[in-house]
> 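Provided herewith is a single structure, encoded as structure tokens, for subsequent inquiry.
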Amino acid sequence: THEQLGRPACGFLEHTGYPCPTCGMTTAFSYVLHGRILLAFTTQPAGALGALACMVTAVGGMYYALTARAPARLVRLIRLVRRRRFWLAGLGLLLAAWLWCCLRTAIQMS
């Protein structure tokens with residue numbers, strides 16, 4: 001998808017034959033925005049979750065802008081983001097998604 005936007009192909013993929021940790025993120029975001037959630041998760045799970053998180057954050061931001069009151073769940077989420085284990089879980093998710101993409105690529109190559 002990023003190539004359709006005029007961006008170059010992934011250099012990591014071209015040199016190694018395997019995707020980089022963020023390969024497929026743009027495509028997954030695009031799939032989520034077009035309502036193709038399952039396809040987004042099979043393309044790049046971390047990208048699909050990132051897109052859904054952006055959508056939830058946007059809705060929460062609009063609510064806050066219209067009412068001048070932060071939604072309680074959004075406030076709890078902000079507190080969660082400040083914790084180290086949140087970031088470690090995110091890093092683990094990115095690693096698992098990368099391994100998924102590498103496995104999918106290896107299967108397609110064989």
Side-chain angles (χ1 to χ4, degrees):
T1 305
H2 70 281
E3 289 180 40
Q4 293 172 339
L5 298 171
R7 305 292 304 153
C10 176
F12 189 90
L13 179 63
E14 288 182 344
H15 292 295
T16 66
Y18 287 95
C20 73
T22 61
C23 271
M25 291 270 192
T26 306
T27 304
F29 263 73
S30 178
Y31 284 150
V32 167
L33 294 176
H34 286 96
R36 302 177 77 186
I37 307 295
L38 184 60
L39 188 56
F41 273 99
T42 58
T43 301
Q44 180 30 292
L49 284 175
L52 292 171
C54 286
M55 292 170 70
V56 168
T57 303
V59 170
M62 285 188 286
Y63 176 85
Y64 182 69
L66 294 172
T67 65
R69 292 189 327 253
R73 289 184 181 175
L74 185 59
V75 171
R76 285 194 300 268
L77 180 63
I78 291 169
R79 287 184 190 135
L80 176 67
V81 169
R82 292 182 181 162
R83 295 188 177 154
R84 181 185 302 182
R85 67 177 176 228
F86 174 84
W87 292 104
L88 290 175
L91 186 60
L93 170 68
L94 183 61
L95 179 61
W98 183 28
L99 292 174
W100 164 257
C101 291
C102 287
L103 178 63
R104 194 184 70 232
T105 300
I107 290 170
Q108 289 173 350
M109 290 171 47
S110 60

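The structure displayed is predicted, hence computed values, not measured ones.
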> With a 4.5 Å cut-off on side-chain heavy atoms, are L49 and F41 touching?
yes

> Give, for atom CZ of F29 and atom CG of L52, the distance between the pair rounded to the nearest 0.5 Å.
9.0 Å

> Show the nearest heavy-atom pair for residues P19 and L13, with the distance to one decimal.
N-CD1, 3.6 Å

> So how far is it from L88 CG to R83 CZ, rounded to the nearest 0.5 Å?
13.5 Å

> Dump the intermediate steps for side-chain contact (heavy atoms from CB on, under 4.5 Å) on V56 and V59, then the final yes or no.
CA-CA 5 Å; V56 168; V59 170; 5.9 Å; no

> Count the heavy atoms of every other residue, nucleotide or ligand shown that sit under 6.0 Å from OH of Y64, and state whether that count exceeds 12.
no

> Looking only at heavy atoms, what is the nearest atom pair of A28 and A40, with distance?
O-CB, 3.5 Å

> Let me confirm one number: the CD-CG distance from Q108 to L103, rounded to the nearest 0.5 Å.
10.0 Å

> Hey, is the main chain of A53 close enough, under 3.5 Å, to the side chain of T57 for a donor-acceptor pair?
yes

> Please lay out, stage by stage, how C101 and C23 fare under the test side-chain contact (heavy atoms from CB on, under 4.5 Å).
CA-CA 8 Å; C101 291; C23 271; 5.8 Å; no

> Do W100 side-chain atoms and T43 backbone N/O form a donor-acceptor pair below 3.5 Å?
no

> Closest heavy-atom contact between G17 and T105?
O-CG2, 3.5 Å

> Taking all non-hydrogen atoms of both residues into account, name the closest pair between M55 and L33 and its distance.
SD-CD2, 4.3 Å

> What is the distance from atom OG1 of T26 to atom CZ of R7, rounded to the nearest 0.5 Å?
9.5 Å

> Do you know the tightest heavy-atom contact between M25 and Q44?
N-CG, 3.7 Å

> For the residue pair P21 and L94, what are the closest heavy atoms and their distance?
O-CD1, 3.5 Å

